[in-house]
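Ligands are counted one by one from 1 in listed order, and the atoms in each one are counted from 1 as well. All figures in this text were calculated on a predicted structure; none of them were measured in a lab.
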Amino acid sequence: MNIDSFETVIVETDLLILGGGMAACGAAFEASHWAKKNNQRVTVVDKAAMERSGAVAMGLSAINLYLGLSKGNNTIEDYVSYVKNDLMGIARKDLVANIARHVDSSVHLFEKWGLPIWKDDEGNYVNEGRWQIMIHGESKNIVSEGAKTALKELGENGSYYERIFITEPVMFGDRCVGAVGFSVRENKFYVFKAKAVLDVMGGAVHVFRPRSVGEGLGRSWYPPFNSGASTYFTLKSGAEMTCQEVRFVPVRFKDSYGPVGAWFLLFKSKATNAKGEDYMETRKAELENWAPYGTSKPTPTNLRNYLMLQELEEGNGPIYMRTDEAIQKLVAEIPDEKEAKRKMKELESEAWEDFLDMTVSQALNWASHNIMPEETPSEISACEPYFISSHSGASGAWISGPKDLAPDEHHWGYDNMTTVKGLFAAGDASGASSHKFSSGSFTEGRIAGKAAIAFCMDHPDPVDISDEQIAELKEKVLQPLKTFEEHHNYSNDEDVNPNFIKPKMFMFRLQKIMDEYAGGAAVGFKTSEALLTKGMEYLEYMKEDSEKLAASDLNELMRCWENVHRMWQAESHIRTVLFREETRWPGYYFRTDFPSMKADWEVFANCKWDPETGEWTMIKREIL
Ligand code: SFD
Ligand code: AMP
């Protein structure tokens, strides 16, 4: 592919929203409202089609954040302490409270737009758990339609671009003034000029070696197409990051990655070892070692994992989700035989719908193994680590909180602005505000979208990006195509060539390093300074070899950049796990050289990369 054939497309806007997922749709909806009032332009850019992009591409079976404030079911303080406890004390109260106070209105919006939410006989939402309500799957179609409609109502001031892969931030001194990327369908290089940029490109998957292999390769819980673009974008702009060590290791139905929440919360199911013992009971003494968080209810997600890992280490696997016992128990509670039969039918369909709504491959796994959940338990296991701050992880950008809730140290002008002027973040791209899920990410996008429009109005001057800057970035972004073009005839197999490395091979090597040295699934999530330092050594070679990535077409060009983004996520993770000299989230990772929690590490571990010097700085930030 001849890179000279690439046209350069320049798009000017006011607010540039990078990503087309839940947070992006919230931002597009809210920002369009304020942009209309103030004659501002809003542009959304997604690497895929918004109806089917991001983590909610397959649909969801529940909305995992709804407080029911108007009904007095819960208070914002309840939710803040729940999140702080689940993350072993490490959370920004101001950010979590800001999302919690607005999220119910977003859910009501989804319902108004047509999302079918389960209702009981009195018309109340059916709760899966204290914070979670059940839905019938197709939320992303409905939410993206709402966002696109809002943009259309802006007329020519509203636009969205799909199938554009964003790679780099564009800086003007200490301010972010845009982004560059390329079409994954045509030979076009895109330059977006903007007064404010909102990074909402999701989390990172496949940084660690996945459990799935061969015919199952690519199967994961969080989507493989969220590849760390958010982290790379904010790091490269020089923004401060937080909680890069706080990965999320979800426990899932084995091999097909089906979620467990509905089984534990709605069906009240138990998980046991192969002998049928409930390890959350038999091992609860261990939780004392992680007080006060370990002894609070519910038990933090990582500690639920940890007790299960101890069972496996002692050879008591496999671990089973007792779907059979759960359903039979619910049916046994109904004395009337006819009513009990009707309930059994209802529970069977709810059990299958849970996965057909969200993780179809789990339903396929059951079908292909002749598993009837009401008769046969299913194996569950801890997956490979993910970087997703909207669930029970916390990694993302360090952002400004709301003036009325944040301590002075945590507010610097505009809600959700990073430490880089004009650059905002939300959803999985912003850190230390866990358990926001689809509804909370949408809501945080709304908060950031409104604040970013205010920033645009306070900075009315058009931004400029020089032709030299554009030429330099175009050269860099398209380099893998040039490398392939120059060398692919050297050998008779396009994938084996001493002059370059193909993206898939590059990814396999990165995943191997992270799995073996940074505490992946293969080593029981254990690591130490010695292992991490060795891992960093190998990452240095990866950085050198990334200069030799080769792409035979646009799809491989995207794969090249996805893996460069993953490599940066990997580095910020290793550096921060090294920096935090304690073990705070056993079940996510365990430092064998610092096997317990320490009071002097009850802080945020932040990091920063300096675009001028290429130096990394590690920073401790107080929990306020
Ligand atoms: O229970 C670029 N999530 C669930 N949330 C719920 O509320 N209920 C559930 O039931 C949930 N379950 C669940 C969930 C996720 C997954 C994968 C499964 C099951 C199987 C979590 C939510 O999905 C999650 O919290 C939000 O979606 C996070 O929102 P956001 O906006 O931070 O991320 P996104 O939606 O993935 O969007 C990212 C967008 O960025 C685009 N993108 N665009 C341009 N250039 C690039 N380089 C880009 N890189 C990425 C993507 O295309 C996407 O549009 S349960 O199991 O947790
Ligand atoms: P998951 O299916 O693991 O993605 O979880 C979905 C929702 O249920 C999230 O809000 C989890 O925090 C919650 N959840 C899952 N398992 C449990 C459990 N054992 N106890 C309490 N909450 C849980």
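Checked by atom type and distance alone, the side chain of Lys140 pairs as donor or acceptor with a backbone atom of Met50 at under 3.5 Å. Between the side chain of Ser230 and the main chain of Met201, a donor-acceptor pair closer than 3.5 Å is present.
Contact record, Leu423 with Cys176: CB-CB, 3.9 Å, taken as the closest heavy-atom pair. Residues Gly20 and Asp46 share a closest heavy-atom pair of CA-OD2, 3.3 Å.
Of the protein's non-hydrogen atoms, Gly21 N, 3.6 Å is the one closest to atom 39 (C) of ligand 1. Atom 1 (O) of ligand 1 has its closest protein heavy atom at Asn64 ND2, 2.9 Å. At the shortest separation from atom 31 (O) of ligand 1 among protein heavy atoms lies Ala23 N, 2.9 Å. Nearest to atom 22 (N) of ligand 2 among the protein's heavy atoms is Leu265 CD2, 3.7 Å. Distance from atom 17 (C) of ligand 2 to its nearest protein heavy atom, with residue and atom name: Arg304 NH2, 3.3 Å. Taking atom 5 (O) of ligand 2 as the reference point, the nearest protein heavy-atom neighbour is Gly261 CA, 3.7 Å. Here the heavy atom of the protein found nearest to atom 49 (N) of ligand 1 is Lys47 CD, 3.5 Å. The protein atom (non-hydrogen) at minimum distance from atom 8 (N) of ligand 1 is Ala62 O, 2.7 Å. Nearest protein heavy-atom neighbour of atom 10 (O) of ligand 2: Gln132 NE2, 2.9 Å. Closest to atom 21 (C) of ligand 1 among all protein heavy atoms lies Phe437 CD2, 4.3 Å. Scanning the protein for heavy atoms near atom 25 (O) of ligand 1, the closest one is Ser390 OG, 2.6 Å. Closest to atom 54 (O) of ligand 1 among all protein heavy atoms lies Ser53 OG, 2.7 Å.
Ring centroids of Phe437 and His435 are separated by less than 6.0 Å, placing the two rings close together. Ring centers of Trp585 and Phe525: at least 6.0 Å apart, outside the cut-off. Ring centers of Phe442 and His102: at least 6.0 Å apart, outside the cut-off. Note: Tyr125 and Tyr66 meet the aromatic proximity criterion, with ring centroids under 6.0 Å apart. For an aromatic pair to be called close, the ring centres must be under 6.0 Å apart, and Tyr306 with Tyr588 fails this. The aromatic ring centroids of Phe165 and Trp561 lie 6.0 Å or more from each other. In this structure, Phe6 has its ring center no closer than 6.0 Å to that of Phe182. You'll find the ring centres of His573 and Phe208 inside the 6.0 Å limit. Annotation: Phe248 is in aromatic contact with Trp221 [ring centroid separation under 6.0 Å].
Of the heavy atoms in Ile388, none comes closer than 4.0 Å to ligand 1. Contact annotation for Gln132 and ligand 1: no heavy atom of the residue comes within less than 4.0 Å of the ligand. At a heavy-atom cutoff of 4.0 Å, ligand 1 is contacted by the side chain of Leu60 but not by its backbone. Of the heavy atoms in Ala55, both backbone and side-chain atoms come closer than 4.0 Å to ligand 1. Contact annotation: for Trp221 versus ligand 1, heavy atoms closer than 4.0 Å belong to both the backbone and the side chain. When heavy-atom distances to ligand 1 are checked against a 4.0 Å cut-off, Glu168 has no atom that comes that close, whether in backbone or side chain.
When only modelled atom types and interatomic distance are considered, Thr282 and Glu277 share no side-chain donor-acceptor pair under 3.5 Å. Judged purely by distance below 3.5 Å, without hydrogens or angles, the side chains of Asp357 and Ser61 never pair a donor atom with an acceptor atom. In this structure, a donor-acceptor pair under 3.5 Å is absent between the side chains of Thr272 and Asp278. Neither side chain, Thr299 nor Arg304, offers a donor N or O lying under 3.5 Å from an acceptor on the other.
For Tyr82, the closest heavy-atom approach to ligand 2 falls below 4.0 Å. Residue contacts with ligand 1 do not include Met134, since none of its heavy atoms lies under 4.0 Å from the ligand. In this structure, Trp131 has no heavy atom closer than 4.0 Å to ligand 2. Judged by the shortest distance from any of its heavy atoms, Ile164 lies inside the 4.0 Å radius around the atoms of ligand 1. The closest approach between any non-hydrogen atom of Leu18 and ligand 1 is not below 4.0 Å. For the ligand labelled ligand 2, residue Thr301 lies outside the 4.0 Å heavy-atom shell.
Not a single N or O atom of Val56, backbone or side chain, sits closer than 3.5 Å to an N or O atom of ligand 1. Considering backbone and side-chain N/O of Ser438, one or more are found under 3.5 Å from N/O of ligand 1. In terms of polar-atom proximity, defined here as any N/O pair under 3.5 Å, Val251 makes no such contact with ligand 2. For a threshold of 3.5 Å applied to N or O pairs, the pair formed by Gly20 and ligand 1 contains at least one separation below that value. For the pair Met22 and ligand 1, the shortest N or O to N or O distance falls below 3.5 Å.
Of the residues Pro250, Ser361, Ser212, the one that meets the side chain to side chain contact (heavy atoms under 4.5 Å, CB included) test with Tyr257 is Ser212.
Near Phe264, with a cut-off below 4.0 Å to any heavy atom, the atoms of ligand 2 are 16 (N), 19 (N). Close approach of ligand 2 to Phe437 is summarised as follows: ligand atoms under 4.0 Å from at least one heavy atom of the residue are 9 (C), 10 (O). Near Asn64, with a cut-off below 4.0 Å to any heavy atom, the atoms of ligand 2 are 6 (C), 7 (C). If you number the atoms of ligand 2 from 1 as listed, the ones under 4.0 Å from a heavy atom of Pro259 come out as 2 (O). Interface atoms of ligand 2 facing His391, defined by a heavy-atom separation under 4.0 Å, are 1 (P), 4 (O), 5 (O). Ligand 2 places these atoms under 4.0 Å from at least one heavy atom of Arg252: 1 (P), 2 (O), 3 (O), 4 (O).
With contacts defined as side-chain heavy-atom distances shorter than 4.5 Å, the pair Tyr160/Glu162 qualifies.
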